[in-house]
Peer 1: 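Have a look at this one.
So that the names make sense, note that chain A is the first sequence line, chain B the second, and so on, each numbered from 1.
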Protein chains: 2
Amino acid sequence: MKKRLSISDIANNLGVSVTTVSFILNGKAKEKRISDALAKRVLDYVKKVDYKPNQLAKSLRTGKSKSIGLLVEDISNPFFANIADRIEKLAYDHGYHIIYCSMKNDEQRAKELIQLFYDRQIDGFIIAPTEGLSDVINNLLKSSVPVVLFDRPLADVDTHTVISENVEGAYQGTMFLLEQKNAKRIGFVTTNSTQSQMKGRLEGYMKAVDNVGMDLLVKKINPAQTEEEVVSQLKDFISDNKLDAVLFATNYLAINGLKAIKQYQLEVDKLISFDENTTFGLVNPPVSAISQNIQEIAQEVVRILVNQIHGKLDKIEKVVIPCNLIAR
Amino acid sequence: MKKRLSISDIANNLGVSVTTVSFILNGKAKEKRISDALAKRVLDYVKKVDYKPNQLAKSLRTGKSKSIGLLVEDISNPFFANIADRIEKLAYDHGYHIIYCSMKNDEQRAKELIQLFYDRQIDGFIIAPTEGLSDVINNLLKSSVPVVLFDRPLADVDTHTVISENVEGAYQGTMFLLEQKNAKRIGFVTTNSTQSQMKGRLEGYMKAVDNVGMDLLVKKINPAQTEEEVVSQLKDFISDNKLDAVLFATNYLAINGLKAIKQYQLEVDKLISFDENTTFGLVNPPVSAISQNIQEIAQEVVRILVNQIHGKLDKIEKVVIPCNLIAR
DNA sequence: TATATTTGCTAAAAGGTTTTATCTTGCAGC
DNA sequence: GCTGCAAGATAAAACCTTTTAGCAAATATA
C-alpha cells in the first residue's frame with residue numbers, strides 16, 4: 001500500500017516550503033505574491049503526481065468539514081428518500097456532501113447521532129425532527145451550529161424551517177372530494193402523533209368540512225401497531241361510519257387503507273392522500289394525491305443552510321411551499 | 001459560541017498530563033498502570049464537563065474514521081432505500097456510521113465521490129456499482145481499502161460480493177407462471193444494461209422457458225427514455241406478442257408495465273416482478289414478486305466489510321442469497 | 001547494600017493541514 | 001550611504017489527538 005503523499009512531500013521534492021505550496025494550492029498565489037513561474041511549477045507537479053490534500057487535516061485546521069448531516073425518521077419512506085436524493089444533489093453542487101441517518105423512532109439514538117455529527121465538525125444540519133429532539137437541537141443552536149428543520153417545525157425551537165402548506169393542502173384535498181367527487185361522508189385518517197404537519201392537515205380538513213356543515217369523522221392510528229391491526233381499525237372506521245370518501249394524512253396510511261378496502265371489499269371509492277406515490281394511479285379505487293413539492297422543498301432547505309453556513313443570513317427564515325393536487 | 005473543550009483543557013484543569021487523560025479515556029488505564037483513584041477523578045471530571053473528543057483529530061492521528069461509504073445508483077429506489085436503511089442500522093451497531101451517496105448515472109461524479117470519500121479516510125466502501133466504475137474500484141483495492149460490492153458484481157473487479165440468487169429466482173418466477181398460472185406466452189422485460197444481475201435474471205427466464213420449449217419473448221428497455229416512451233414500448237411488446245404473462249426484471253419496469261396495461265386495457269393478467277413493492281397486492285392485475293432478502297443482504301454486506309476492516313478476513317467472499325417467491 | 005523491577009505518570013513526536021509573523025533581497029528615493 | 005518599501009518566500013505555531021519512549025520513585029530481589 002503506497003503511502004499517500006502529503007503537502008510536505010511535495011514541498012521537499014520541489015525544494016520549496018510547505019507554506020508556499022499551501023498558498024498556491026488554495027489559490028492565494030497572487031495575494032501572497034508568489035511568482036507565476038513558481039506557482040506553475042508547483043501546480044504542474046501536483047497534477048503530475050496526483051496529490052490530493054488530506055481532508056481530515058484540512059478540516060481539523062479550518063474547523064470546516066464541508067459536510068452536512070441529514071436526519072430523517074426513515075430513509076425507506078419514499079417521501080424522505082426522494083427528498084434526500086434531491087438534497088444530496090443540490091448540496092453537492094455547493095461543494096457539500098451529505099452524511100445521512102435515519103432515526104427510526106429511537107430518540108436516544110437520534111441524540112447520540114447528533115452529538116456524533118457535531119463531534120465531526122459537521123458544518124450544518126438538516127433535520128425532519130421528532131418531538132423529543134427539541135433540547136438537543138436547541139443545544140446545537142446555542143453552539144451556533146446552523147440547523148434547518150423541514151417537514152415539521154418544533155414549537156419550542158426557533159430556527160429556519162421549510163414546510164409544506166399543510167392546512168391549505170388538506171383543505172383543497174377535502175374540497176376536491178366535496179366538489180369534484182361529490183362526497184357525502186368524508187373521513188380523515190391521521191396518526192396519533194402531535195407532529196405539527198399532522199395538526200396542520202387535520203386543521204385543513206376540519207376547515208373544509210366545517211364550511212359545509214358536514215360531520216367531523218377522524219381516526220387517529222397508532223403506527224406502532226402491526227399492519228393487521230392498522231388495517232382492521234381502518235376497516236372499522238370506514239364501515240362503521242359509512243364513509244364514501246377518505247383523506248389520508250400520509251402515504252403509509254393510504255396504503256393500509258387500500259389494503260382494508262381490498263381485503264374487506266369496502267364500498268368507499270373517493271380517496272385522496274398526502275404525498276404522491278407512483279402506484280396511486282394503478283390501484284383500485286385510484287387515489288388522488290396532495291403532492292408535496294419535493295424539488296422546491298429540497299432547494300429551499302439547501303439554499304437556507306448554505307447561506308447560513310456562509311454567514312449570509314441575518315434573520316430566521318420560515319418557508320412554506322404550496323402542494324399540488326393530483327386528481328384521479 | 002462557547003469554545004469546545006480539548007483534552008489539554010481537561011489535563012490542565014486537573015493538573016495531570018494529556019497523555020494520562022488520553023489513556024484513561026481510551027480504556028487503557030489498567031494497561032498503562034494509571035491508579036484507579038486518578039482514573040476515577042479524570043472520568044468524573046470528563047463526565048461533569050461533558051467533554052467529547054474531537055473525532056477529526058482522532059481520525060487524523062489513527063487513520064481510522066469509523067465511517068463507511070455507501071454508494072448506490074439511486075437512493076429513491078425502494079430497494080436501495082430499504083437496504084440503505086438496514087445497512088445503516090447494522091453498521092451503527094458495529095460503531096460505524098454511513099456516508100451515503102447516490103450516483104444517478106453520473107459516472108464522473110461517482111468517481112469524484114469515491115475519491116472524496118477516500119480523502120476522508122473512510123474505513124471501507126459498500127457499492128452497488130455501475131459498469132464504468134471498475135477502474136476506480138480497482139484503485140481502491142490496490143490501496144488496500146476494504147470494498148464490498150452488492151446487487152451486482154463487476155466482471156473485472158475481484159473483491160467481496162453479496163448478490164441475490166438471480167438465475168434461480170427468475171427460474172422459479174417463470175416456473176410459477178407456467179405451473180401455477182398456467183401461462184402460455186411469457187414475456188420477459190429487462191433493461192438494455194449489461195449489469196450482471198440483469199443477465200442472471202434473463203438466464204433464469206430462458207432456462208425455464210427452454211425447459212418447456214416455449215418461445216423466448218424478450219424486451220430490453222432503455223431506461224433513459226421518458227416514461228411515455230417506455231409505457232408505449234411495453235404496450236407494443238405485450239400486445240404484438242399476444243402475451244398472457246410477463247416477468248419484469250425489476251420493480252420500475254413492472255410499474256410501467258402496469259401503467260401500459262391500465263392505459264391500453266391490455267388482456268395480460270399473469271404478472272411477476274423482481275423486488276417486492278407494498279402496492280403489488282393492491283393493483284389490478286396483482287403482481288407476484290420475486291423478493292430479494294434485503295435483511296440478509298444487508299447483514300452479509302456489513303458482516304463482511306466489518307470483518308475485512310478488522311483484518312479478520314483472509315479469502316474473498318462471494319455470497320449468494322436466495323429470493324422468496326410471493327405468490328399473488 | 002546494591003541492583004532489578006514495578007508503579008505511576010509524562011514529554012514530545014507524529015499525523016497533515018492553514019495561517020501569522022517574519023526574513024532576505026533588491027531597488028527607489030534622497 | 002542610508003532609509004523605506006515591495007517582492008518573494010518561509011519558519012513555526014496552531015488545530016487536537018494518540019502513542020512511543022522514558023523518567024522518578026517505590027518496592028522487590030540477591
Peer 1: What is the distance from CD1 of B:I7 to C1' of C:dA14, rounded to the nearest Å?
Peer 2: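 Computing the B:I7:CD1 to C:dA14:C1' distance gives 15 Å.
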Peer 1: How are the rings of B:Y100 and A:Y100 set to each other: parallel, tilted or perpendicular (split at 30° and 60°)?
Peer 2: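 If you compare the ring of B:Y100 with that of A:Y100, the planes turn out perpendicular.
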Peer 1: Mind calculating the distance between NZ (B:K30) and C1' (C:dC9) to the nearest angstrom?
Peer 2: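 Nearest whole value for this atom pair: 15 Å.
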Peer 1: Round to the nearest Å and state the distance from B:K66 atom NZ to D:dT17 atom C1'.
Peer 2: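 It is 16 Å, rounded to the nearest whole Å.
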Peer 1: Let's see if you get this right: which residues in residues 45-62 of chain A place a heavy atom under 4.0 Å from DNA chain D?
Peer 2: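 Residues of residues 45-62 of chain A under 4.0 Å from DNA chain D: A:L60, A:R61.
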Peer 1: Does A:R109 come within less than 4.0 Å of A:E112, counting only side-chain N to carboxylate O?
Peer 2: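 Answer for the salt bridge query: no.
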Peer 1: With a cut-off of less than 4.0 Å, is there a side-chain N or O of B:S6 near OP1 or OP2 of D:dC15?
Peer 2: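 It does not, given that no N or O in the side chain of B:S6 lies less than 4.0 Å from OP1 or OP2 of D:dC15.
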Peer 1: For B:T194 and B:E131, run side chain to side chain donor-acceptor pair (under 3.5 Å): C-alpha distance rounded to whole Å, both residues' side-chain angles, the deciding distance at 0.1 Å, then the answer.
Peer 2: CA-CA 8 Å; B:T194 52; B:E131 298 190 306; 2.7 Å; yes
Peer 1: Quick one: do B:D44 and B:K48 make a salt bridge, cutoff under 4.0 Å?
Peer 2: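 The answer is no: the pair does not qualify as a salt bridge.
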Peer 1: Take atom CD1 of A:I10 and atom P of C:dT18, then tell me their distance rounded to the nearest Å.
Peer 2: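 Taking atom P of C:dT18 as the reference, CD1 of A:I10 is at 12 Å.
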Peer 1: Residues from residues 13-26 of chain A sitting under 4.0 Å of DNA chain C, heavy atoms only?
Peer 2: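 Going residue by residue through residues 13-26 of chain A, the ones with a heavy atom under 4.0 Å of DNA chain C turn out to be A:V18, A:T19, A:S22, A:F23, A:N26.
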Peer 1: Would you verify whether the NZ or CZ of A:K28 falls within 45 degrees of the ring axis of A:F23 while also being under 6.0 Å from that six-membered ring's centre?
Peer 2: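 Judged by the rule (NZ or CZ under 6.0 Å from the ring centre, within 45° of its axis), A:K28 is not positioned above A:F23.
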Peer 1: Quick one: label A:K28 by what it contacts on the DNA or RNA (base, sugar-phosphate, nothing), any heavy atom closer than 4.0 Å.
Peer 2: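 The answer is sugar-phosphate, as A:K28 gets under 4.0 Å only of primed atoms, P, OP1 or OP2.
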Peer 1: Taking CD from B:E31 and P from C:dG8, how many angstroms apart are they, rounded to a whole number?
Peer 2: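 Roughly 15 Å, once rounded to whole Å.
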Peer 1: Roughly, in whole Å, what's the span from CZ in A:R33 to P in D:dC5?
Peer 2: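 Going from A:R33 (CZ) to D:dC5 (P), I get 14 Å.
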Peer 1: When the distance from NZ of A:K32 to C1' of C:dT22 is rounded to whole Å, what number comes out?
Peer 2: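 Distance, rounded to whole Å: 12 Å.
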Peer 1: How many angstroms lie between atom CD1 of A:I163 and atom NZ of A:K318, to the nearest 0.5 angstrom?
Peer 2: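 Between atom CD1 of A:I163 and atom NZ of A:K318 there are 9.0 Å.
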Peer 1: How bent is the helix from C:dT1-D:dA30 to C:dC30-D:dG1, comparing axes over its five end pairs at each side, to the nearest 10°?
Peer 2: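 That helix has its two terminal axes inclined by roughly 60°.
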Peer 1: What is the distance, rounded to the nearest whole Å, between atom CG of A:L5 and atom C1' of C:dT17?
Peer 2: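 One finds 15 Å between C1' of C:dT17 and CG of A:L5, rounded.
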Peer 1: Would A:T19 and A:S22 count as having a side-chain donor-acceptor pair, cut-off 3.5 Å?
Peer 2: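 Not at all, the side chains of A:T19 and A:S22 share no donor-acceptor pair under 3.5 Å.
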Peer 1: To the closest 0.5 Å, what do you measure between OG (B:S76) and CZ (A:F80)?
Peer 2: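 Rounded to the nearest 0.5 Å, the OG-CZ separation comes out at 14.5 Å.
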Peer 1: Any luck finding a side-chain donor-acceptor pair between B:D119 and B:Q115 under 3.5 Å?
Peer 2: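 There is such a pair between these side chains.
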Peer 1: Is it the case that the side chains of A:D123 and A:Y96 hold a donor-acceptor pair, with the cut-off being a distance below 3.5 Å and no angle test?
Peer 2: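 Side-chain D/A pair, A:Y96 to A:D123: absent.
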Peer 1: Has B:R4 got its NZ or CZ under 6.0 Å from the middle of the six-membered ring of B:Y51, at an angle within 45 degrees of the ring axis?
Peer 2: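 Pair B:R4/B:Y51 does not count as cation-pi.
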